[in-house]
J.: 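Have a look at the structure that comes next, please.
Any value given below was found using the heavy atoms of this structure, including those in side chains, with hydrogens, waters and symmetry copies removed. Proteins get letters first, then strands, A, B, ... in listed order; numbering begins at 1 in each.
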2 protein chains.
Amino acid sequence: MTETRMPAYEQVKAFVKRQISSGTWRAGNAVPSESALQQQFCISRMTVNRAMKELAVEGVVTRVQGSGTVVAQLHRISTTLALRDIHEEITERGHRHATRVLAVEPAKADAALAQVFKVRAGTRLFHTVLLHLEDEVAIQLEDRYVNPAAAPGYLGVNFNATTPTSYLLEHAPLTKASYSIEAGLASMSEARHLRIKRGDPCLVMTRSTVSGPHVASFARLVHPGMRYSFNGTFQL
Amino acid sequence: MTETRMPAYEQVKAFVKRQISSGTWRAGNAVPSESALQQQFCISRMTVNRAMKELAVEGVVTRVQGSGTVVAQLHRISTTLALRDIHEEITERGHRHATRVLAVEPAKADAALAQVFKVRAGTRLFHTVLLHLEDEVAIQLEDRYVNPAAAPGYLGVNFNATTPTSYLLEHAPLTKASYSIEAGLASMSEARHLRIKRGDPCLVMTRSTVSGPHVASFARLVHPGMRYSFNGTFQL
DNA sequence: CAGTGGTCTAGACCACCGA
DNA sequence: CGGTGGTCTAGACCACTGG
């Protein structure tokens, strides 16, 4: 691994990571300055700077202008959680994705929805309820409200061919998204559609997306706890 | 925002993001080449390169050497999920953190643990069970096994003063970690300690960490579904 | 003040892609 | 082949930190 032709900045990164994961440099310890490393590796400072900048982005070191670079307090392990379109997620696993359309209808914003969408109560919204199957097994119940101002054609979409996520990303360019993941219980109707028992635990993600001036969409995604999990890896 | 003194590479990034989020450039469209942007902004190519490189890391664009840069298929919304030390997480919210030590004991690896730790069944491990309270309310039950080879002093730690996460990061430098988040039910004893009803849904995270040659630790973290969630934001 | 990192330049060579 | 991005250099000026 250290033998193959490796860009200079990668070698610097690998060196620093080796010192840390071997315990030679510990959290809070100072890392040699850019000019020191520049001389040690006989490379230009820009190259050292790139290496250290990337390590800072990865959370491996902390840099303070004027002060220096120190090994990060690794009490923060950060990884990337990818929120993906369910169709891609399933097909990438090599499985078949199918959708059952349970509801496609106009709706009116109640007080809670009005707050989420930042509109007046009673404003017209679109509402869809879809069930996503992975190899015929129910894996996600998607209950979604969409702002007509952001995606006027939403109710006309053929949801057997296009997922809401995919359609919205295409027609309401994303500017912001926020999500929350928690454990909850399925309601009676949710349980029936997901073919689980009422009272079975579910992983519930609520997600809202902003497109330009509008809150475009608010979705509640319910997954059977036994058939779904979020996974990730962090590698120093 | 565009008015303040902004580094040149940030201006380039902002420009590209504006084109995308306004819908002018759509997923799959080509982005001007580095030399084109260099001339447009009257800056050096290194600076353009930095901007585009960062956008690629953020997942906003996709670059292929020799081919060019295109607007990424945004079907992948990626955000950062920070796995933090619970003590920091709680104190940062301005609350008090306390720990109840329920078990600190040696244990022997059964078949499942042996597989996780990549050791022979029957190998000696350390076992702790801790309950974490946020302002006196139970928020996480931490059931953890630790490899003595990676942290020989583990059983001697005062867990009222130091969290296992913090101790392990200090004494068994982290090289890799992986996690899984799912919904589950509390066992009878878990429910009793968390002061919830049996059958209440819980967010369960299992996490294993690798330190150098050893699998250092395997933990099951159970959170009452009603009192805990993971949250995140993605901003273009 | 000297030392640090943050940014930037104007070149350069290379590997790769598509025509 | 020309154009693309990937990497690298040897300088430079700046803002910030610490003593």
J.: Measure from the side-chain heavy atoms of B:Pro7 and tell me the nearest of C:dC8, D:dC8, D:dG5.
T.: C:dC8
J.: Please tell me if B:Ser33 has a side-chain N or O lying less than 4.0 Å from either OP1 or OP2 of D:dG3.
T.: no
J.: Looking at B:Ser67, I'd like to know whether one of its side-chain N or O atoms comes within less than 4.0 Å of OP1 or OP2 on C:dC17.
T.: no
J.: Okay, side chain of B:Thr163, backbone of B:Ser166: is any donor-acceptor separation there less than 3.5 Å?
T.: yes
J.: Looking only at N and O atoms, is any donor in the side chain of A:Arg45 or the base of C:dT7 less than 3.5 Å from an acceptor on the other one?
T.: yes
J.: Output the rounded distance in Å from CD (A:Gln65) to P (C:dG6).
T.: 6 Å
J.: Please tell me if B:Thr69 has a side-chain N or O lying less than 4.0 Å from either OP1 or OP2 of D:dG5.
T.: yes
J.: Just how far, in rounded Å, is P of C:dA10 from CD of B:Glu34?
T.: 16 Å
J.: To the nearest angstrom, how far is B:Leu37 atom CG from D:dG5 atom C1'?
T.: 13 Å
J.: Between A:Val64 and A:Met46, name the one whose nearest nucleotide on DNA chain C is closer to the 5' end.
T.: A:Val64
J.: Using the test salt bridge (charged side-chain N to carboxylate O under 4.0 Å, His left out), find all partners of B:Arg45 that sit at least two apart in sequence or belong to another chain.
T.: B:Glu34
J.: Expressed in angstrom and rounded to an integer, what is the separation of B:Ile43 atom CD1 from C:dT7 atom P?
T.: 13 Å
J.: Taking B:Asp143 for its side chain and B:Arg220 for its backbone only, find out whether a donor-acceptor pair lies under 3.5 Å.
T.: no
J.: Classify the nucleic acid contact of A:Arg50 as base, sugar-phosphate or nothing, counting any heavy atom under 4.0 Å across all strands shown.
T.: sugar-phosphate
J.: A:Glu10 or A:Gly66: which one's nearest nucleotide on DNA chain D is closer to the 5' end?
T.: A:Glu10
J.: Output the rounded distance in Å from CG (A:Asn49) to P (D:dC13).
T.: 18 Å
J.: Does a nitrogen or oxygen in the side chain of A:Tyr9 sit under 4.0 Å from OP1 or OP2 of D:dC8?
T.: no
J.: Kindly point out which of D:dT7, D:dA15, D:dA10 is positioned nearest to the side chain of A:Ser44?
T.: D:dA10
J.: Around atom CD of B:Gln115, are there more than 12 heavy atoms of other residues, nucleotides or ligands at under 6.0 Å?
T.: no
J.: Please state how far atom NZ in B:Lys13 lies from atom P in C:dC8, giving the value in whole angstrom units.
T.: 12 Å
J.: What is the distance, to the nearest angstrom, from the CZ atom on A:Phe41 to the C1' atom on D:dT9?
T.: 17 Å
J.: Hey, are A:Glu134 and A:Arg227 close enough for a salt bridge, meaning a charged N less than 4.0 Å from a carboxylate O?
T.: no
J.: Rounding to an integer number of Å, can you tell me how far A:Gln38 CD sits from D:dG11 P?
T.: 10 Å
